[in-house]
Amino acid sequence: MDVEQSQQAKWDNRYRGQTPGAPLSLLSDMAYLLPTTGHALDLACGTGANALLLAGRGLQTQAWDISAVAVETLTGHAGDLPLVAQRRDVVAEPPLPATFDVICVAHFLDRELCPAIAAALRPGGLLFYQTFTRDRVDDTGPSSSRYRLESNELLRLFAGLTVRYFREDGVVGDTTLGLRNVACLIAQRSVGTAP
Ligand SMILES: C[S@@+](CC[C@H](N)C(=O)[O-])C[C@H]1O[C@@H](n2cnc3c(N)ncnc32)[C@H](O)[C@@H]1O
């Protein structure tokens, strides 16, 4: 079994019997920023709650994940929505430059992919990104620091984009409150410039 097959098997096992949960609050709370038309991508979508939100807003939505089980589950929930879910290794096959008006990445981190994600935005396109941080208040998320962001790292990874929203509560103050263990970014590719 090669690396891709073992990754797929790991995630397929995790997704068996699961249904799409709730979309990111980053996306649902800030959905007013979304364009009313265009193409969206949920990258490493899992069972695709964020893809379902994007497609529900009328965006032509692609959802990619290495897990065939997750993709099949999402396809089963898509109904008549403008949503195509596809099994795709996003590291081997990243999105092409200037192809999406909205890209959502939730709880997935491959630092080497970040330049391709930024470049895949069309001019004016929006990136919604939320994933785990090394600063954390409990065991939520991956144990390996390789898959967790350093402080403010999301800002550095997408330094070529214009920040519209950023949140990283870290471990400051009353840690029983707030949005902990994650960093959230909404950033925009400038109109008419490369990222
Ligand atoms: C923690 S889950 C997050 C899923 C979803 N975005 C969410 O927030 O619920 C990470 C996802 O990344 C997917 N994944 C891991 N490596 C991948 C790759 N190389 N290409 C595509 N998807 C990948 C897994 O199958 C899994 O669905």
Side-chain angles (χ1 to χ4, degrees), residues 1-31 34 40-56 59 61-78 81 83-96 99-100 102-120 126-134 136 138-149 153-154 157-158 167-168 179-186:
M1 198 185 274
D2 65 21
V3 176
E4 183 182 338
Q5 286 170 329
S6 70
Q7 272 292 94
Q8 179 180 343
K10 178 184 111 174
W11 287 106
D12 278 349
N13 284 337
R14 201 167 296 188
Y15 285 125
R16 269 194 194 95
Q18 281 199 24
T19 52
L24 292 179
S25 57
L26 178 71
L27 197 54
S28 50
D29 292 352
M30 309 292 269
L34 292 170
L41 171 65
D42 185 356
L43 183 137
C45 59
T47 48
N50 298 312
L52 290 167
L53 182 150
L54 293 166
L59 298 169
T61 302
Q62 303 262 339
W64 300 343
D65 200 280
I66 203 166
S67 164
V69 172
V71 165
E72 195 179 319
T73 301
L74 175 54
T75 301
H77 282 79
L81 291 172
L83 170 55
V84 177
Q86 186 187 340
R87 201 200 80 79
R88 175 159 165 158
D89 180 339
V90 298
V91 176
E93 285 187 275
L96 296 175
T99 42
F100 291 102
V102 177
I103 299 177
C104 178
V105 187
H107 312 122
F108 175 82
L109 181 62
D110 183 314
R111 292 169 176 81
E112 290 186 10
L113 194 60
C114 291
I117 293 172
L126 287 170
L127 173 67
F128 290 74
Y129 205 129
Q130 174 175 310
T131 201
F132 300 104
T133 51
R134 290 182 189 173
R136 55 170 138 169
D138 58 37
D139 288 340
T140 311
S143 52
S144 168
S145 59
R146 178 178 164 200
Y147 300 114
R148 304 189 77 109
L149 294 160
E153 187 181 0
L154 208 43
L157 288 170
F158 293 99
R167 178 168 181 180
E168 191 179 292
L179 183 62
R180 304 295 174 166
N181 307 321
V182 294
C184 305
L185 173 72
I186 302 173

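Just so you know, these numbers use all the heavy atoms, side chains as well, and skip hydrogens, waters and symmetry mates. What you are looking at is a predicted structure, and each value in this text was computed from that prediction instead of being measured. Order of appearance sets the numbers: ligands from 1, and atoms from 1 within every ligand.
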Decide, yes or no, whether a salt bridge links R111 with E153 under the criterion of side-chain N to carboxylate O below 4.0 Å. yes
Looking only at heavy atoms of Q130, does any of them come nearer than 4.0 Å to an atom of ligand 1? no
Can you list the ligand 1 atoms lying under 4.0 Å from a non-hydrogen atom of Q7? 15 (C), 16 (N)
Can you list the atoms of ligand 1 that are under 4.0 Å from a heavy atom of G46? 4 (C), 5 (C), 27 (O)
State, without any angle test, whether R87 and Q8 hold a side-chain donor-acceptor pair at a distance under 3.5 Å. yes
Under 4.0 Å from a heavy atom of A106: which atoms of ligand 1 are those, numbered in the order shown and with their elements? 3 (C), 5 (C), 6 (N), 7 (C), 8 (O)
Among the heavy atoms of A70, does any lie under 4.0 Å from an atom of ligand 1? no
Enumerate donor-acceptor pairs with a distance under 3.5 Å from any side-chain N or O in residues 68-78 to protein atoms, sequence neighbours excluded.
residue: T73; atom: OG1; partner: V69; partner atom: O; Å: 2.9
residue: T75; atom: OG1; partner: V71; partner atom: O; Å: 2.8
residue: H77; atom: ND1; partner: T73; partner atom: O; Å: 3.0

Test of proximity, V90 against ligand 1: N or O pairs below 3.5 Å: yes
In this structure, CZ of R16 is separated from OG of S67 (nearest 0.5 Å) by 8.0 Å
For the CG atom of L154 and the SG atom of C114, what is their distance to the nearest 0.5 Å? 7.5 Å
Give the residue, atom name and distance (to 0.1 Å) of the protein heavy atom nearest atom 8 (O) of ligand 1. H107 ND1, 2.9 Å
E112 atom CD, neighbour heavy-atom count above 12 within 6.0 Å: no
At what distance is the nearest protein heavy atom to atom 22 (N) of ligand 1, and which residue and atom is it? I66 N, 3.1 Å
Going by the atom numbers of ligand 1, which of them fall below 4.0 Å from some non-hydrogen atom of D89? 18 (C), 19 (N), 20 (N)
Which donor-acceptor pairs under 3.5 Å do side chains of residues 42-56 form with protein atoms, sequence neighbours excluded?
residue: D42; atom: OD2; partner: A51; partner atom: N; Å: 3.0
residue: N50; atom: OD1; partner: L24; partner atom: N; Å: 2.8

Quick one: does ligand 1 sit under 4.0 Å from the side chain of R88, the backbone, both or neither, non-hydrogen atoms only? backbone
With respect to atom 27 (O) of ligand 1, which of F108, Y15, W11, F132 exhibits the smallest heavy-atom separation? Y15
Is the F100 ring parallel, tilted or perpendicular to the W64 ring (thresholds 30°, 60°)? perpendicular
Report yes if some N/O of D42 lies less than 3.5 Å from some N/O of ligand 1; otherwise report no. no
Ligand 1 versus C45: contacting region, heavy-atom distance under 4.0 Å: backbone
Return the residue, atom name and 0.1 Å-rounded distance of the protein heavy atom closest to atom 11 (C) of ligand 1. D65 OD2, 3.8 Å
Pick one: which of D139, T131, D138 meets side-chain hydrogen bond (donor to acceptor under 3.5 Å, both in side chains) with N181? D138
